[in-house]
Amino acid sequence: MERADAVATSYAEQTGGSPDGVWAAPGRVNLIGEHTDYNDGFVLPFAIDREALVAVGRRADGQLRCWSRQEGTAPELAVADLAPGVVSGWSAYPLGVVWALREAGVAVPGLDVMVDSDVPVGGGLSSSAALEGAVALAVADLTDSTLSRTELALAGQRAENEVVGAPVGVMDQMAALLAQAGHAVFLDCRSLRAQAVPLDVAADDLALLLVDTRVTHAHATGEYGARRRSCEQAARVLGVPALRDVTPDQLDAAGSELDPVTRRRARHVVTENARVLATVELLRAGKIAQIGPMLSASHVSMRDDFEISCPELDTAVTATMAAGAVGARMTGGGFGGCALALVPTAAREELTAAVRAAFAAAGFRAPEVFGVTPTSGARRLR
Ligand code: GLA
């Protein structure tokens, strides 16, 4: 059965009726530009073919009911009662978006929402933004809202910041809503200007391989927020609105005002911004194979300066590089999730075997290794 049929069938089982529509939004992989989004910097994510589907129908009584084919039934409540602190668990994502859209002036009716997602949760592929993107587009369509896709992405981010309680940037939601097939989204997180950059690796006999370490993370807790605070602290000390406003040379010259740890955190962000810009230049010039060193330098920066890698991610990167990858890096928020490798298509099998062997030798859980190609963002399926 098509996934759209399956989610509509589950919707019918719960509600006894047909949904008004079915919408989908994808998970994402970030090619490069990590922890730069909340520093007003640059990111370059692309959407992948794992997605969240939602079947949604309007209700006349102002009530909100949510089910997930993976997570079960959420407590029912009235649209009027939605507020930060009122919802928790998985439904904080869809209901947080409903709340943020209501705050943005959308007259949201009561809704029945059935969710079906194959984006792994906590795996660094942004299952949350996929769900937020699908719900945001569904609500916008059902209310004939004039909000732009960027505004819908901001509603998703606000849901996550204020309802879920995770201090994330806007990259994932923008990728879920704005991605185009065959392209990465080059996003300036200050102006929110998004440009599609061609990412046709197959043309160069290359492939994008993901290594899912199956180590999960939770951004709502701990380290993500700590990194964000370090960056904000660095910007304050350097007297700039955000680390976006500092170049690597300026940071080198800034000398002693920063303590060593804050300085390393800042160095990751300012060098990472430079790497994103260089990567975009290379992609636009059709020099895909040459982005490899950028990816690898990004990983070293996250491992040593930002300190958000973990042994499994480092092993994935080392093993793929030793087996002939052109470049490799952890992708996403860190502390688990996936590594991305740009690999010669001909060497794919060999590389996959090498990673599996390296994980087994280290005593790690077997990773999942699979190819990804850039796909398109949120859309209505029916
Ligand atoms: C998570 C967040 C994003 C971004 C990345 C790191 O995916 O949701 O906003 O900060 O981490 O680049």
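Along the sequence shown, residues are numbered consecutively beginning with 1. All ligand and atom numbering here is 1-based and tracks the order in the structure.
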**Asked** Between F370 and R50, is there a cation-pi geometry (under 6.0 Å to ring centre, at most 45° from the normal)?
**Response** yes
**Request:** For the pair E232 and R228, evaluate salt bridge (charged side-chain N to carboxylate O under 4.0 Å, His left out) and give the outcome as yes or no after the intermediate values.
**Result:** CA-CA 6 Å; E232 286 161 0; R228 186 168 180 157; 3.1 Å; yes
**Asked** Can the ring centres of H35 and F306 be said to be less than 6.0 Å apart?
**Response** yes
**Prompt:** Judged by non-hydrogen atoms, does R228 sit under 4.0 Å from ligand 1?
**Reply:** no
**Request:** Ignoring angles and geometry beyond distance, decide whether Y38 reaches within less than 3.5 Å of ligand 1 through its nitrogen or oxygen atoms.
**Result:** no
**Request:** Would you mind telling me if ligand 1 is within reach of the side chain of Q173, the backbone, both or neither, using heavy atoms under 4.0 Å?
**Result:** neither
**Prompt:** Going by the atom numbers of ligand 1, which of them fall below 4.0 Å from some non-hydrogen atom of R28?
**Reply:** 7 (O)
**Asked** Is there a donor-acceptor contact under 3.5 Å linking the side chains of E151 and S148?
**Response** yes
**Prompt:** So, is T36 polar-close to ligand 1, with some N/O to N/O distance under 3.5 Å?
**Reply:** no
**Complete:** One finds that the ligand 1 atoms under 4.0 Å from a non-hydrogen atom of G169 are 9 (O)
**Item:** Proximal atoms of ligand 1 relative to D37 (non-hydrogen, under 4.0 Å)
**Value:** 3 (C), 4 (C), 9 (O), 10 (O)
**Prompt:** Out of R267, R265, R264, H268, which one pairs with D305 under the side-chain hydrogen bond (donor to acceptor under 3.5 Å, both in side chains) rule?
**Reply:** R267
**Asked** Which ligand 1 atoms does M171 reach within 4.0 Å, using its non-hydrogen atoms?
**Response** 4 (C), 5 (C), 12 (O)
**Request:** For the pair E34 and R329, evaluate salt bridge (charged side-chain N to carboxylate O under 4.0 Å, His left out) and give the outcome as yes or no after the intermediate values.
**Result:** CA-CA 10 Å; E34 224 65 82; R329 62 187 286 277; 2.6 Å; yes
